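See structure below.
Keep in mind that what you see is a predicted model, and the values were worked out from it rather than measured. Counting begins at 1 with the first residue of the sequence.
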Amino acid sequence: MRAPLPSPLVAVEVADTPRRGVPAVLVAFAGDPVRLAPGGPADVDTTDVTGEVGATAKKGATWVVGVGDGAVRDWRRAGASLVRALHGDADRTGVLGYDVHLPADLDPAAATAFTLGLSLGGYRYRITGTEQPKRVKSVRLVLPAPSPPLTDAVRRAAVLAGATSLSRDLANAPSNVKDPAWLAAAAAKAAVPGLEVRVRDEKWLAAEGFGGVLAVGRGSARPPRLVELSWQGAGGGPHLVFVGKGITFDTGGISIKPADGMHLMRTDMSGGAAVISALVAIAKLDLPVRVTGLVPAAENHVSGSAYRPGDVIRHYGGTTTEVTNTDAEGRLVLADALAYAVRNLAPDHLVDVATLTGAMKVTLGTRTGGLFATDDTLAARIAEAGERAGESWWRMPLLEDLAEDVRSDIADVRQCPPGPGGITAALFLREFTGGVPWAHLDIAGPARADKAYDEVVPGASGFAARTLIELAEGFA
(Lines give C-alpha, C1' and ligand atoms only; values in the text may rest on other atoms or scores of the structure.)
Protein backbone atom coordinates (compact mmCIF):
# COMPACT_ATOMS: atom_id res chain seq x y z
CA MET A 1 0.00 0.00 0.00
CA ARG A 2 1.31 3.45 -0.90
CA ALA A 3 0.43 6.46 1.24
CA PRO A 4 -0.63 9.56 -0.73
CA LEU A 5 2.35 11.92 -0.51
CA PRO A 6 2.21 14.82 -1.08
CA SER A 7 -1.45 15.66 -0.69
CA PRO A 8 -2.62 18.09 -3.38
CA LEU A 9 -3.25 21.65 -2.24
CA VAL A 10 -5.28 24.37 -3.90
CA ALA A 11 -2.97 26.36 -6.17
CA VAL A 12 -3.09 30.07 -5.32
CA GLU A 13 -1.71 32.74 -7.65
CA VAL A 14 -1.98 36.50 -8.14
CA ALA A 15 -3.25 38.36 -11.19
CA ASP A 16 -4.56 41.83 -12.06
CA THR A 17 -7.19 40.66 -14.54
CA PRO A 18 -10.03 38.19 -13.89
CA ARG A 19 -10.54 35.12 -16.04
CA ARG A 20 -13.48 34.94 -18.42
CA GLY A 21 -16.15 32.44 -17.41
CA VAL A 22 -14.64 31.84 -13.97
CA PRO A 23 -16.93 32.41 -10.97
CA ALA A 24 -16.00 35.32 -8.71
CA VAL A 25 -15.63 35.69 -4.98
CA LEU A 26 -16.09 39.11 -3.39
CA VAL A 27 -14.53 40.14 -0.08
CA ALA A 28 -16.45 42.18 2.47
CA PHE A 29 -15.57 43.61 5.87
CA ALA A 30 -17.86 43.63 8.88
CA GLY A 31 -20.94 45.75 8.24
CA ASP A 32 -19.89 46.87 4.77
CA PRO A 33 -22.39 46.55 1.92
CA VAL A 34 -21.15 44.68 -1.14
CA ARG A 35 -21.73 46.86 -4.19
CA LEU A 36 -20.72 45.72 -7.63
CA ALA A 37 -18.66 48.11 -9.71
CA PRO A 38 -19.66 48.59 -13.35
CA GLY A 39 -18.21 45.77 -15.39
CA GLY A 40 -17.45 43.75 -12.26
CA PRO A 41 -18.66 40.26 -11.36
CA ALA A 42 -22.36 39.78 -11.96
CA ASP A 43 -25.17 37.76 -10.41
CA VAL A 44 -25.00 39.09 -6.86
CA ASP A 45 -27.35 41.50 -5.17
CA THR A 46 -26.17 44.32 -2.92
CA THR A 47 -25.65 42.44 0.32
CA ASP A 48 -24.96 43.39 3.90
CA VAL A 49 -22.23 41.13 5.28
CA THR A 50 -22.42 40.79 9.05
CA GLY A 51 -18.74 40.05 9.47
CA GLU A 52 -19.15 36.38 10.16
CA VAL A 53 -16.11 34.65 8.73
CA GLY A 54 -17.45 32.30 6.07
CA ALA A 55 -18.71 32.09 2.52
CA THR A 56 -22.18 32.66 1.08
CA ALA A 57 -23.33 31.61 -2.37
CA LYS A 58 -25.29 34.11 -4.45
CA LYS A 59 -27.31 32.72 -7.35
CA GLY A 60 -24.75 29.94 -7.85
CA ALA A 61 -22.18 32.11 -9.62
CA THR A 62 -20.70 34.68 -7.26
CA TRP A 63 -19.69 34.17 -3.65
CA VAL A 64 -19.15 36.64 -0.84
CA VAL A 65 -16.63 35.96 1.91
CA GLY A 66 -16.60 38.05 5.07
CA VAL A 67 -13.27 38.89 6.67
CA GLY A 68 -14.62 40.41 9.87
CA ASP A 69 -12.60 43.46 10.89
CA GLY A 70 -9.75 42.46 8.59
CA ALA A 71 -7.31 41.26 11.25
CA VAL A 72 -4.67 38.86 9.98
CA ARG A 73 -6.29 35.88 11.72
CA ASP A 74 -9.66 36.86 10.19
CA TRP A 75 -8.11 36.61 6.72
CA ARG A 76 -6.68 33.16 7.48
CA ARG A 77 -10.01 31.95 8.85
CA ALA A 78 -11.86 33.44 5.89
CA GLY A 79 -9.62 31.69 3.37
CA ALA A 80 -10.13 28.37 5.14
CA SER A 81 -13.92 28.80 5.38
CA LEU A 82 -14.09 29.82 1.74
CA VAL A 83 -12.15 26.87 0.39
CA ARG A 84 -14.19 24.42 2.46
CA ALA A 85 -17.38 25.87 1.03
CA LEU A 86 -16.01 25.80 -2.51
CA HIS A 87 -14.84 22.21 -2.11
CA GLY A 88 -18.34 21.30 -0.93
CA ASP A 89 -19.83 22.86 -4.04
CA ALA A 90 -17.29 21.52 -6.56
CA ASP A 91 -18.71 18.04 -7.05
CA ARG A 92 -22.21 19.41 -7.68
CA THR A 93 -21.20 22.22 -10.03
CA GLY A 94 -17.99 20.89 -11.55
CA VAL A 95 -16.39 24.31 -10.95
CA LEU A 96 -12.76 23.79 -9.96
CA GLY A 97 -11.37 27.33 -10.23
CA TYR A 98 -12.38 30.73 -8.79
CA ASP A 99 -11.25 34.35 -8.89
CA VAL A 100 -11.17 36.22 -5.58
CA HIS A 101 -11.36 40.01 -5.99
CA LEU A 102 -9.19 41.66 -3.34
CA PRO A 103 -9.01 45.28 -2.17
CA ALA A 104 -6.20 47.48 -3.47
CA ASP A 105 -4.85 48.29 -0.01
CA LEU A 106 -4.47 44.70 1.15
CA ASP A 107 -1.56 44.23 3.55
CA PRO A 108 1.02 41.54 2.61
CA ALA A 109 0.52 39.86 6.02
CA ALA A 110 -3.20 39.56 5.28
CA ALA A 111 -2.43 38.16 1.81
CA THR A 112 -0.14 35.59 3.42
CA ALA A 113 -2.81 34.60 5.92
CA PHE A 114 -5.54 34.37 3.28
CA THR A 115 -3.32 32.18 1.09
CA LEU A 116 -2.55 29.87 4.02
CA GLY A 117 -6.27 29.52 4.71
CA LEU A 118 -7.09 28.82 1.06
CA SER A 119 -4.27 26.31 0.69
CA LEU A 120 -4.64 24.44 3.98
CA GLY A 121 -8.29 24.82 5.00
CA GLY A 122 -9.39 22.12 2.57
CA TYR A 123 -6.48 19.74 3.23
CA ARG A 124 -7.50 16.09 3.17
CA TYR A 125 -5.50 12.90 3.73
CA ARG A 126 -7.28 9.73 2.78
CA ILE A 127 -6.20 6.28 1.57
CA THR A 128 -9.04 4.82 -0.44
CA GLY A 129 -9.82 2.70 -3.45
CA THR A 130 -12.99 4.60 -4.33
CA GLU A 131 -13.37 7.59 -6.62
CA GLN A 132 -13.18 10.85 -4.71
CA PRO A 133 -15.51 13.85 -5.14
CA LYS A 134 -14.26 16.73 -7.27
CA ARG A 135 -12.44 19.47 -5.40
CA VAL A 136 -11.36 23.01 -6.23
CA LYS A 137 -7.91 23.05 -7.83
CA SER A 138 -7.04 26.73 -8.22
CA VAL A 139 -7.85 30.15 -6.84
CA ARG A 140 -6.61 33.35 -8.46
CA LEU A 141 -6.32 36.43 -6.27
CA VAL A 142 -7.29 39.35 -8.52
CA LEU A 143 -5.84 42.75 -7.59
CA PRO A 144 -6.96 46.11 -9.03
CA ALA A 145 -3.37 46.76 -10.14
CA PRO A 146 -0.07 44.85 -10.15
CA SER A 147 1.53 44.63 -6.70
CA PRO A 148 4.94 42.91 -6.43
CA PRO A 149 4.84 42.90 -2.59
CA LEU A 150 1.50 41.04 -2.58
CA THR A 151 2.66 38.65 -5.30
CA ASP A 152 5.81 37.86 -3.31
CA ALA A 153 3.74 37.38 -0.14
CA VAL A 154 1.46 34.88 -1.86
CA ARG A 155 4.37 32.93 -3.34
CA ARG A 156 6.08 32.75 0.03
CA ALA A 157 2.81 31.71 1.69
CA ALA A 158 2.51 28.85 -0.78
CA VAL A 159 5.87 27.53 0.43
CA LEU A 160 4.75 27.84 4.06
CA ALA A 161 1.52 26.02 3.24
CA GLY A 162 3.48 23.29 1.50
CA ALA A 163 5.59 22.82 4.63
CA THR A 164 2.52 22.50 6.84
CA SER A 165 0.95 20.08 4.37
CA LEU A 166 4.08 17.92 4.17
CA SER A 167 4.27 17.83 7.95
CA ARG A 168 0.62 16.72 8.07
CA ASP A 169 1.21 14.06 5.42
CA LEU A 170 4.17 12.58 7.27
CA ALA A 171 2.30 12.49 10.56
CA ASN A 172 -0.97 11.18 9.09
CA ALA A 173 0.69 8.28 7.25
CA PRO A 174 -0.36 4.99 8.91
CA SER A 175 2.34 3.18 10.82
CA ASN A 176 2.03 -0.06 8.87
CA VAL A 177 3.49 2.06 6.04
CA LYS A 178 5.54 4.52 8.08
CA ASP A 179 8.52 3.13 9.94
CA PRO A 180 11.87 4.85 10.63
CA ALA A 181 13.29 3.79 7.26
CA TRP A 182 10.19 5.10 5.45
CA LEU A 183 10.39 8.43 7.29
CA ALA A 184 14.05 8.79 6.39
CA ALA A 185 13.32 7.95 2.74
CA ALA A 186 10.45 10.46 2.69
CA ALA A 187 12.80 13.17 3.97
CA ALA A 188 15.32 12.37 1.28
CA LYS A 189 12.63 12.37 -1.41
CA ALA A 190 11.27 15.74 -0.28
CA ALA A 191 14.70 17.40 -0.35
CA VAL A 192 15.39 20.12 -2.92
CA PRO A 193 18.73 21.18 -4.44
CA GLY A 194 21.08 22.53 -1.80
CA LEU A 195 19.50 20.56 1.05
CA GLU A 196 21.70 17.63 2.01
CA VAL A 197 20.10 14.63 3.69
CA ARG A 198 22.12 11.95 5.47
CA VAL A 199 20.48 8.82 6.86
CA ARG A 200 22.26 6.80 9.55
CA ASP A 201 21.18 3.21 10.21
CA GLU A 202 21.17 1.10 13.35
CA LYS A 203 24.75 -0.10 12.80
CA TRP A 204 26.05 3.46 12.69
CA LEU A 205 23.94 4.36 15.73
CA ALA A 206 25.43 1.43 17.67
CA ALA A 207 28.98 2.28 16.64
CA GLU A 208 28.50 5.92 17.70
CA GLY A 209 26.80 5.12 21.01
CA PHE A 210 23.23 6.38 20.50
CA GLY A 211 21.97 4.36 23.46
CA GLY A 212 18.67 6.21 23.82
CA VAL A 213 17.57 5.72 20.22
CA LEU A 214 18.70 2.10 20.23
CA ALA A 215 16.95 1.31 23.51
CA VAL A 216 13.63 2.75 22.36
CA GLY A 217 13.84 1.01 18.98
CA ARG A 218 14.98 -2.33 20.37
CA GLY A 219 11.50 -3.77 20.81
CA SER A 220 10.59 -3.36 17.15
CA ALA A 221 11.50 -5.52 14.17
CA ARG A 222 11.88 -2.26 12.22
CA PRO A 223 15.17 -0.66 13.31
CA PRO A 224 15.77 3.02 14.12
CA ARG A 225 17.35 5.75 12.01
CA LEU A 226 18.88 9.19 12.47
CA VAL A 227 18.04 11.69 9.74
CA GLU A 228 20.31 14.73 9.38
CA LEU A 229 19.28 17.54 7.04
CA SER A 230 21.81 20.30 6.32
CA TRP A 231 21.18 23.69 4.73
CA GLN A 232 24.30 25.86 4.48
CA GLY A 233 22.62 29.04 3.26
CA ALA A 234 24.59 31.81 1.60
CA GLY A 235 25.10 34.19 4.50
CA GLY A 236 27.01 34.19 7.74
CA GLY A 237 25.29 34.53 11.05
CA PRO A 238 24.39 31.90 13.64
CA HIS A 239 24.02 28.18 13.13
CA LEU A 240 20.54 26.95 14.08
CA VAL A 241 19.97 23.29 14.93
CA PHE A 242 16.42 21.92 15.05
CA VAL A 243 15.82 18.51 16.63
CA GLY A 244 12.49 16.72 16.12
CA LYS A 245 11.13 13.63 17.85
CA GLY A 246 10.55 10.90 15.25
CA ILE A 247 8.67 8.10 17.03
CA THR A 248 6.82 6.52 14.10
CA PHE A 249 4.54 4.57 16.43
CA ASP A 250 4.34 4.51 20.20
CA THR A 251 2.74 1.61 22.05
CA GLY A 252 4.29 2.87 25.26
CA GLY A 253 6.53 -0.20 25.32
CA ILE A 254 6.34 -2.33 28.45
CA SER A 255 4.67 0.63 30.20
CA ILE A 256 1.95 0.11 27.63
CA LYS A 257 -0.63 2.75 26.77
CA PRO A 258 -4.39 2.22 27.14
CA ALA A 259 -6.02 0.96 23.97
CA ASP A 260 -8.25 4.03 23.65
CA GLY A 261 -6.41 6.59 21.58
CA MET A 262 -3.39 4.42 20.79
CA HIS A 263 -4.26 4.56 17.09
CA LEU A 264 -3.38 8.27 17.19
CA MET A 265 0.23 7.38 18.02
CA ARG A 266 0.98 7.33 14.30
CA THR A 267 1.35 11.09 14.77
CA ASP A 268 3.92 10.79 17.57
CA MET A 269 6.61 11.86 15.10
CA SER A 270 4.95 15.24 14.46
CA GLY A 271 8.00 17.05 15.86
CA GLY A 272 10.25 15.24 13.40
CA ALA A 273 7.80 15.98 10.61
CA ALA A 274 7.89 19.68 11.48
CA VAL A 275 11.71 19.71 11.35
CA ILE A 276 11.86 17.88 8.01
CA SER A 277 9.21 20.14 6.49
CA ALA A 278 10.83 23.29 7.85
CA LEU A 279 14.23 22.40 6.39
CA VAL A 280 12.67 21.70 2.98
CA ALA A 281 10.89 25.07 3.04
CA ILE A 282 14.00 26.94 4.24
CA ALA A 283 15.85 25.52 1.24
CA LYS A 284 13.00 26.41 -1.14
CA LEU A 285 13.03 29.98 0.18
CA ASP A 286 16.84 30.04 -0.17
CA LEU A 287 17.21 31.65 3.24
CA PRO A 288 20.74 32.98 3.91
CA VAL A 289 21.14 31.21 7.23
CA ARG A 290 22.76 27.92 8.23
CA VAL A 291 20.26 25.39 9.60
CA THR A 292 20.64 21.72 10.48
CA GLY A 293 17.76 19.40 11.28
CA LEU A 294 18.10 16.17 13.27
CA VAL A 295 15.32 13.58 13.49
CA PRO A 296 16.02 10.53 15.68
CA ALA A 297 13.43 8.01 14.46
CA ALA A 298 12.35 4.81 16.19
CA GLU A 299 9.30 2.66 16.80
CA ASN A 300 8.50 2.07 20.49
CA HIS A 301 7.11 -1.45 20.55
CA VAL A 302 6.47 -4.34 22.94
CA SER A 303 8.45 -7.55 22.54
CA GLY A 304 10.93 -9.78 24.32
CA SER A 305 13.73 -7.45 23.26
CA ALA A 306 12.03 -4.23 24.43
CA TYR A 307 13.78 -2.06 26.99
CA ARG A 308 12.48 -2.15 30.56
CA PRO A 309 11.74 0.15 33.49
CA GLY A 310 14.83 -0.01 35.68
CA ASP A 311 17.28 -0.26 32.79
CA VAL A 312 20.23 2.12 32.68
CA ILE A 313 21.14 3.33 29.20
CA ARG A 314 24.17 5.27 28.01
CA HIS A 315 23.48 8.18 25.67
CA TYR A 316 25.66 9.64 22.97
CA GLY A 317 28.52 11.36 24.77
CA GLY A 318 28.38 9.08 27.82
CA THR A 319 25.64 10.42 30.10
CA THR A 320 23.62 7.59 31.66
CA THR A 321 19.87 7.55 32.30
CA GLU A 322 17.81 5.41 34.67
CA VAL A 323 14.65 4.35 32.82
CA THR A 324 11.50 4.56 34.93
CA ASN A 325 8.76 4.58 32.27
CA THR A 326 9.18 3.18 28.78
CA ASP A 327 6.30 5.39 27.61
CA ALA A 328 8.51 8.46 28.14
CA GLU A 329 10.61 7.42 25.17
CA GLY A 330 10.66 10.72 23.31
CA ARG A 331 13.06 12.40 25.72
CA LEU A 332 15.49 9.47 25.38
CA VAL A 333 15.84 9.80 21.61
CA LEU A 334 15.97 13.60 21.83
CA ALA A 335 18.74 13.39 24.45
CA ASP A 336 20.97 11.50 22.03
CA ALA A 337 20.33 13.95 19.22
CA LEU A 338 20.84 17.02 21.42
CA ALA A 339 24.14 15.66 22.73
CA TYR A 340 25.24 14.83 19.18
CA ALA A 341 24.39 18.36 18.03
CA VAL A 342 26.36 19.98 20.87
CA ARG A 343 29.44 17.84 20.32
CA ASN A 344 29.55 17.80 16.50
CA LEU A 345 27.60 20.70 15.01
CA ALA A 346 28.65 23.73 17.12
CA PRO A 347 25.15 25.23 17.22
CA ASP A 348 24.61 28.83 18.25
CA HIS A 349 20.96 28.09 19.00
CA LEU A 350 19.34 24.72 19.66
CA VAL A 351 15.59 24.08 19.39
CA ASP A 352 13.83 20.75 19.88
CA VAL A 353 10.19 20.07 19.06
CA ALA A 354 8.20 17.06 20.19
CA THR A 355 4.83 15.62 21.13
CA LEU A 356 6.41 15.00 24.49
CA THR A 357 4.01 15.08 27.45
CA GLY A 358 0.32 14.63 28.07
CA ALA A 359 0.84 17.08 30.93
CA MET A 360 1.37 19.90 28.45
CA LYS A 361 -1.87 19.03 26.66
CA VAL A 362 -3.69 19.23 30.00
CA THR A 363 -1.98 22.53 30.84
CA LEU A 364 -2.40 24.43 27.56
CA GLY A 365 -5.09 22.55 25.67
CA THR A 366 -4.98 21.63 22.00
CA ARG A 367 -4.26 24.93 20.26
CA THR A 368 -1.21 26.26 22.10
CA GLY A 369 2.30 24.85 22.26
CA GLY A 370 4.47 24.88 25.36
CA LEU A 371 7.70 26.89 25.10
CA PHE A 372 10.61 26.33 27.48
CA ALA A 373 13.88 28.18 27.02
CA THR A 374 17.19 28.88 28.73
CA ASP A 375 17.57 32.14 26.81
CA ASP A 376 15.06 34.99 26.97
CA THR A 377 16.01 36.38 23.56
CA LEU A 378 15.54 33.01 21.88
CA ALA A 379 12.20 32.55 23.66
CA ALA A 380 11.03 35.96 22.43
CA ARG A 381 12.14 35.18 18.88
CA ILE A 382 10.15 31.93 18.89
CA ALA A 383 7.03 33.60 20.26
CA GLU A 384 7.28 36.33 17.61
CA ALA A 385 7.87 33.74 14.89
CA GLY A 386 4.77 31.89 16.05
CA GLU A 387 2.75 35.10 15.93
CA ARG A 388 3.78 35.66 12.31
CA ALA A 389 3.10 32.00 11.49
CA GLY A 390 -0.34 31.94 13.09
CA GLU A 391 0.81 29.41 15.72
CA SER A 392 0.36 30.15 19.42
CA TRP A 393 3.03 29.50 22.07
CA TRP A 394 3.01 30.00 25.84
CA ARG A 395 6.27 30.20 27.74
CA MET A 396 6.58 27.77 30.63
CA PRO A 397 9.06 27.96 33.53
CA LEU A 398 12.16 25.84 34.03
CA LEU A 399 11.75 25.63 37.80
CA GLU A 400 15.17 25.38 39.41
CA ASP A 401 13.77 23.94 42.65
CA LEU A 402 12.90 20.82 40.62
CA ALA A 403 16.26 20.52 38.86
CA GLU A 404 17.85 18.35 41.55
CA ASP A 405 15.04 15.81 41.11
CA VAL A 406 16.49 14.94 37.69
CA ARG A 407 19.47 13.29 39.46
CA SER A 408 19.38 9.48 39.80
CA ASP A 409 20.69 7.24 42.57
CA ILE A 410 22.05 4.63 40.13
CA ALA A 411 22.74 6.71 36.99
CA ASP A 412 23.58 10.29 36.08
CA VAL A 413 19.95 11.27 35.52
CA ARG A 414 16.54 9.68 35.76
CA GLN A 415 14.10 9.72 32.92
CA CYS A 416 10.90 10.74 34.75
CA PRO A 417 11.52 12.87 37.82
CA PRO A 418 8.53 13.54 40.09
CA GLY A 419 6.55 16.74 39.77
CA PRO A 420 4.83 18.58 36.88
CA GLY A 421 5.47 16.34 33.89
CA GLY A 422 6.00 18.93 31.16
CA ILE A 423 8.48 20.91 33.26
CA THR A 424 10.46 17.93 34.54
CA ALA A 425 10.71 16.54 30.99
CA ALA A 426 12.20 19.86 29.87
CA LEU A 427 14.62 19.85 32.82
CA PHE A 428 15.74 16.34 31.79
CA LEU A 429 16.40 17.49 28.22
CA ARG A 430 18.33 20.53 29.45
CA GLU A 431 20.97 18.13 30.82
CA PHE A 432 21.99 17.37 27.22
CA THR A 433 22.19 20.89 25.79
CA GLY A 434 25.73 21.74 26.91
CA GLY A 435 24.92 25.31 27.89
CA VAL A 436 23.96 26.28 24.33
CA PRO A 437 20.99 28.70 24.15
CA TRP A 438 18.15 26.18 23.89
CA ALA A 439 14.41 26.03 23.55
CA HIS A 440 12.09 23.06 23.92
CA LEU A 441 8.74 23.11 22.12
CA ASP A 442 6.18 20.65 23.49
CA ILE A 443 3.42 20.24 20.89
CA ALA A 444 1.54 17.31 22.46
CA GLY A 445 -1.69 19.33 22.33
CA PRO A 446 -1.72 21.23 19.02
CA ALA A 447 -0.03 18.54 16.90
CA ARG A 448 -3.39 16.84 16.44
CA ALA A 449 -6.91 18.16 15.99
CA ASP A 450 -10.26 16.41 16.32
CA LYS A 451 -12.23 19.18 14.60
CA ALA A 452 -11.65 21.97 12.12
CA TYR A 453 -10.69 25.48 13.23
CA ASP A 454 -8.98 28.27 11.30
CA GLU A 455 -6.83 26.54 8.65
CA VAL A 456 -6.56 23.34 10.74
CA VAL A 457 -8.52 20.20 9.86
CA PRO A 458 -9.03 16.97 11.83
CA GLY A 459 -5.91 14.82 12.06
CA ALA A 460 -2.31 15.96 12.14
CA SER A 461 -2.13 19.76 12.14
CA GLY A 462 1.44 20.35 10.96
CA PHE A 463 1.89 22.65 13.97
CA ALA A 464 5.38 24.14 14.52
CA ALA A 465 6.68 23.78 10.96
CA ARG A 466 5.85 27.40 10.08
CA THR A 467 7.20 28.69 13.40
CA LEU A 468 10.57 27.06 12.69
CA ILE A 469 10.65 28.59 9.20
CA GLU A 470 9.77 32.04 10.53
CA LEU A 471 12.41 31.66 13.26
CA ALA A 472 15.09 30.84 10.70
CA GLU A 473 14.00 33.72 8.48
CA GLY A 474 14.18 36.06 11.46
CA PHE A 475 17.81 35.09 12.04
CA ALA A 476 18.52 35.45 8.32
Nearest non-hydrogen partners of V83 and L118, listed with the distance: CG2-O, 3.4 Å
Heavy-atom side-chain proximity of D250 to M269 below 4.5 angstrom: no
Any donor-acceptor pair under 3.5 Å from T321 side chain to I313 backbone: no
Closest non-hydrogen atom pair, L106 against L102: CD2-CD1, 3.7 Å
Pair T251-N300, side-chain donor/acceptor within less than 3.5 Å: no
Beyond-backbone contact of L195 with L279, side-chain heavy atoms, under 4.5 angstrom: yes
Atom CH2 of W204: over 12 foreign heavy atoms under 6.0 Å: yes
Parallel, tilted or perpendicular, as decided by the 30° and 60° cut-offs, for the rings of Y340 and F210: tilted
Parallel, tilted or perpendicular, as decided by the 30° and 60° cut-offs, for the rings of Y98 and W63: perpendicular
pair L143-L150: side-chain heavy atoms closer than 4.5 Å: yes
I443 side, atom CD1; L364 side, atom CG - distance, nearest 0.5 Å: 13.0 Å
Within 6.0 angstrom of R155 CZ, more than 12 heavy atoms from elsewhere: no
Distance, nearest 0.5 Å, that separates NZ of K245 from CG of L356: 5.5 Å
Lys/Arg cation over aromatic Y123: R168, 6.0 Å, 45° cone: yes
Polar side-chain atom of K178 near backbone of R266 as donor-acceptor pair, under 3.5 Å: yes
Exam field: side chain T326 to backbone R308, donor-acceptor pair closer than 3.5 Å: no
Under 3.5 Å donor-acceptor, T424 side chain and G421 backbone: yes
Criterion side-chain hydrogen bond (donor to acceptor under 3.5 Å, both in side chains) on E196 and S230, from CA distance to verdict: CA-CA 5 Å; E196 184 178 358; S230 302; 5.1 Å; no
R140 (side chain) donor-acceptor with A15 (main chain) under 3.5 angstrom: no
Nearest heavy-atom neighbours spanning A447 and T355: CB-CG2, 3.5 Å
Ring geometry between F432 and F428 (parallel below 30°, tilted from 30 to 60°, perpendicular above 60°): tilted
Residues H239, V289; criterion side chain to side chain contact (heavy atoms under 4.5 Å, CB included); working and verdict: CA-CA 7 Å; H239 179 201; V289 61; over 6 Å; no
Evaluation steps, side-chain hydrogen bond (donor to acceptor under 3.5 Å, both in side chains), between D179 and T248: CA-CA 6 Å; D179 62 8; T248 56; over 6 Å; no
Close side-chain approach of S165 to L9, heavy-atom, < 4.5 Å: yes
Verdict with reasoning, R156 to E473, per salt bridge (charged side-chain N to carboxylate O under 4.0 Å, His left out): CA-CA 12 Å; R156 177 179 172 278; E473 190 162 29; 2.7 Å; yes
More than 12 heavy atoms of other groups within 6.0 Å of K134 NZ: no
Any L332 side-chain heavy atom under 4.5 Å of Q415 side chain: yes
Cation-pi, F372 ring and R395 (6.0 angstrom, 45 degrees): no
Derivation and outcome, side-chain hydrogen bond (donor to acceptor under 3.5 Å, both in side chains), residues T267 and R448: CA-CA 8 Å; T267 67; R448 294 179 286 269; 2.6 Å; yes
Check: R218 side chain, S305 main-chain N or O, donor-acceptor pair, under 3.5 Å: yes
Test item: E391 side-chain N/O and G386 main-chain N/O as donor-acceptor pair under 3.5 Å: no
Aromatic ring proximity W393/F463, centre distance under 6.0 Å: yes
Working for side-chain hydrogen bond (donor to acceptor under 3.5 Å, both in side chains), residues D107 and W75: CA-CA 11 Å; D107 183 78; W75 280 97; over 6 Å; no
Minimum-distance pair of heavy atoms, taken over all atoms of L468 and A278: CB-CB, 3.8 Å
Ionic contact status for E208 with R200, cut-off 4.0 Å: no
Minimum heavy-atom distance between G66 and A78, given as atom pair plus value: O-CB, 3.6 Å
Expected output: side-chain D336 to main-chain Y316 donor-acceptor under 3.5 Å: yes
E387, CD: over 12 other non-hydrogen atoms inside 6.0 angstrom: no
Donor-acceptor contact below 3.5 Å, side chain T115 vs main chain A111: yes
pair F249-N176: side-chain heavy atoms closer than 4.5 Å: no
V216 side chain reached by P224 side chain, heavy atoms, under 4.5 Å: no
For the student: nearest non-hydrogen atoms of A426 and W438, plus distance: O-CH2, 3.2 Å
Candidate pair E455 and R77, rule salt bridge (charged side-chain N to carboxylate O under 4.0 Å, His left out), full reasoning: CA-CA 6 Å; E455 81 285 4; R77 292 174 60 198; over 6 Å; no
Beyond-backbone contact of L294 with L345, side-chain heavy atoms, under 4.5 angstrom: yes
Donor on one side chain, acceptor on other, T164 and R466, under 3.5 Å: yes
R76 side-chain N/O to A110 backbone N/O, donor-acceptor pair under 3.5 Å: no
